[in-house]
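Note sheet for the following structure.
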Amino acid sequence: MIYAAARRRAAVISATAACLALSACGEAGPLTQDQVEKALLTEATIPVKGWTAGAPNHVAPEKDVSGIGALLGDNSGVNQACQGALTAFSGGLPTPQGFGTVSFTHAGDGPLGPHELVVTVRSFADETPEIPSGRQAVQDCPSFTIDKAGQQLAVTMESPGYDIPDSQALGLDLTSGDQHARLDLLRVRRGSSLVTASLTGPNGKTNHDILDAVIKAQLDQIKRVSD
């Protein structure tokens, strides 16, 4: 009996060690396209009020769908180091087996116009790609200026912290004359899924609180459909 108990303890320890080594304890495996569509946040499940959802898209684009991609566009005024740092952080992902993205809008003024929140879920058949470091992007490109619609837009970058495991974040403070706005991007790996949320809003504190709540709600939805 003593030996049987010891064997059971050894089995538990072995299984726990394997689980930790794989960083997959309790994490979802690959989601199907149908599961991604069911998991994607809607106006009914988003945890913040006053945001209007657009039509979801379930076809993975070739180009970056984050707010950073929209900000940069084809702007040639951004120096090569900053182009490289921002592109490395926000793009370069392989094609997922499941994909869904939806945009939410909220009334607001600023250099980027109304506030926009974009939530994207990708599920991969193979291992989820590593997330580039937000701190590295800031180190490579602390600030830059671009010309957008004939106006100078000064951008200062930082990498805010989130109490969410396996996450990376990038924040851009935007100034055009006497107008100010903030663009934040948060990415989280969870099992075979990669969740991205980007937000143009009034300031870093407000954006942080919204993205923190939204990402956690999206992770909960992924867990719900995968259980």
Side-chain angles (χ1 to χ4, degrees), residues 57 60-96 99 101 103-106 108-122 128-162 164 166-189 194-212 214-215:
N57 172 36
E62 295 181 3
K63 294 185 178 181
D64 172 34
V65 294
S66 72
I68 291 177
L71 174 67
L72 289 179
D74 297 322
N75 195 293
S76 58
V78 181
N79 63 58
Q80 187 172 359
C82 288
Q83 284 273 15
L86 292 170
T87 300
F89 183 82
S90 63
L93 294 170
T95 301
F99 177 87
T101 186
S103 297
F104 300 85
T105 55
H106 192 289
D109 298 320
L112 296 183
H115 302 156
E116 183 178 27
L117 169 65
V118 181
V119 181
T120 304
V121 177
R122 295 174 171 88
T128 306
E130 291 288 338
I131 313 174
S133 168
R135 290 184 179 180
Q136 185 63 52
V138 174
Q139 182 176 324
D140 293 341
C141 177
S143 64
F144 60 95
T145 301
I146 64 176
D147 183 34
K148 191 171 184 66
Q151 294 185 337
Q152 291 291 309
L153 187 63
V155 183
T156 302
M157 302 213 303
E158 67 169 340
S159 181
Y162 286 82
I164 302 175
D166 213 352
S167 65
Q168 291 289 342
L170 192 63
L172 291 80
D173 282 309
L174 313 165
T175 303
S176 179
D178 60 354
Q179 289 188 309
H180 303 275
R182 171 81 175 201
L183 169 60
D184 280 275
L185 178 68
L186 174 61
R187 282 194 157 155
V188 179
R189 296 174 70 196
L194 175 63
V195 179
T196 304
S198 66
L199 171 61
T200 57
N203 57 67
K205 175 65 168 64
T206 300
N207 283 13
H208 185 285
D209 292 347
I210 291 173
L211 287 181
D212 184 77
V214 166
I215 282 283

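Keep in mind that what you see is a predicted model, and the values were worked out from it rather than measured. Hydrogens, waters and symmetry mates play no part in the numbers below; they use all other heavy atoms, side chains included. Throughout, numbering of the chain's residues begins at 1 and tracks the sequence.
- With sequence neighbours left out, Gln80 forms a side chain to side chain donor-acceptor pair (under 3.5 Å) with no residue at all.
- Partners of Pro129 by side chain to side chain contact (heavy atoms under 4.5 Å, CB included), not counting sequence neighbours, listed by chain and number: Leu93, Pro94, Phe124.
- Under the rule for a side chain to side chain donor-acceptor pair (under 3.5 Å), Ser133 has no partner lying at least two apart in sequence or in another chain.
- With rounding to the nearest 0.5 angstrom, the CD1 atom of Ile146 is 5.0 Å from the CG atom of Leu153.
- Rounding to the nearest 0.5 Å gives a distance of 7.5 Å between NE2 of His106 and CD1 of Ile210.
- Met157 CE to Leu172 CG: the interatomic distance, rounded to the nearest 0.5 Å, is 5.5 Å.
- Side chain of Ser198 to main chain of Asp184: no donor-acceptor pair is present (N/O by atom type, distance under 3.5 Å, no hydrogens or angles).
- Shortest non-hydrogen contact noted between Asn207 and Leu183 is ND2-N, 4.3 Å.
- Using modelled atom types, one side-chain atom of Ser159 and one backbone atom of Ala169 make a donor-acceptor pair closer than 3.5 Å.
- The backbone N or O of Gly161 lies less than 3.5 Å from a partner atom in the side chain of His208, making a donor-acceptor pair.
- Inter-residue side-chain proximity for Leu194 and Thr120 is flagged as unmet; no heavy-atom pair is nearer than 4.5 Å.
- Legend: salt bridge (Lys or Arg N to Asp or Glu O under 4.0 Å) pairs involving residues 80-90, not counting sequence neighbours: none detected.
- Considering all non-hydrogen atoms of both residues, Gln168 and Gly134 come closest at OE1-N, 3.0 Å.
- Listed by first and then second residue, the salt bridge (Lys or Arg N to Asp or Glu O under 4.0 Å) pairs involving residues 169-178 are Asp173-Arg182 (not counting sequence neighbours).
- When atom types are taken as modelled, the side chain of Thr200 and the backbone of Glu116 share a donor-acceptor pair closer than 3.5 angstrom.
- Of the listed residues (Ile164, Ile131, Thr196), just one forms a side-chain contact (heavy atoms from CB on, under 4.5 Å) with Val188, and that residue is Ile164.
- With rounding to the nearest 0.5 angstrom, the CD1 atom of Ile215 is 4.5 Å from the CG atom of Leu186.
- Pairing each heavy atom of Leu170 with each of Ala137, the nearest pair is CD1-CB, 4.1 Å.
- Of all the heavy atoms in Asp140 and Pro142, the pair that sits closest is C-CD, 3.9 Å.
- One distance of note links OH of Tyr162 with CG of Leu211; it measures 4.5 Å at 0.5 Å rounding.
- Listed by chain and residue number, Lys205 satisfy the salt bridge (charged side-chain N to carboxylate O under 4.0 Å, His left out) test with Asp209 (two or more places apart in sequence, or in another chain).
- The two residues Pro132 and Phe89 have their closest heavy-atom pair at O-CE1, 3.4 Å.
- Of all heavy-atom pairs between Val138 and Glu158, the closest is CG2-C, 3.4 Å.
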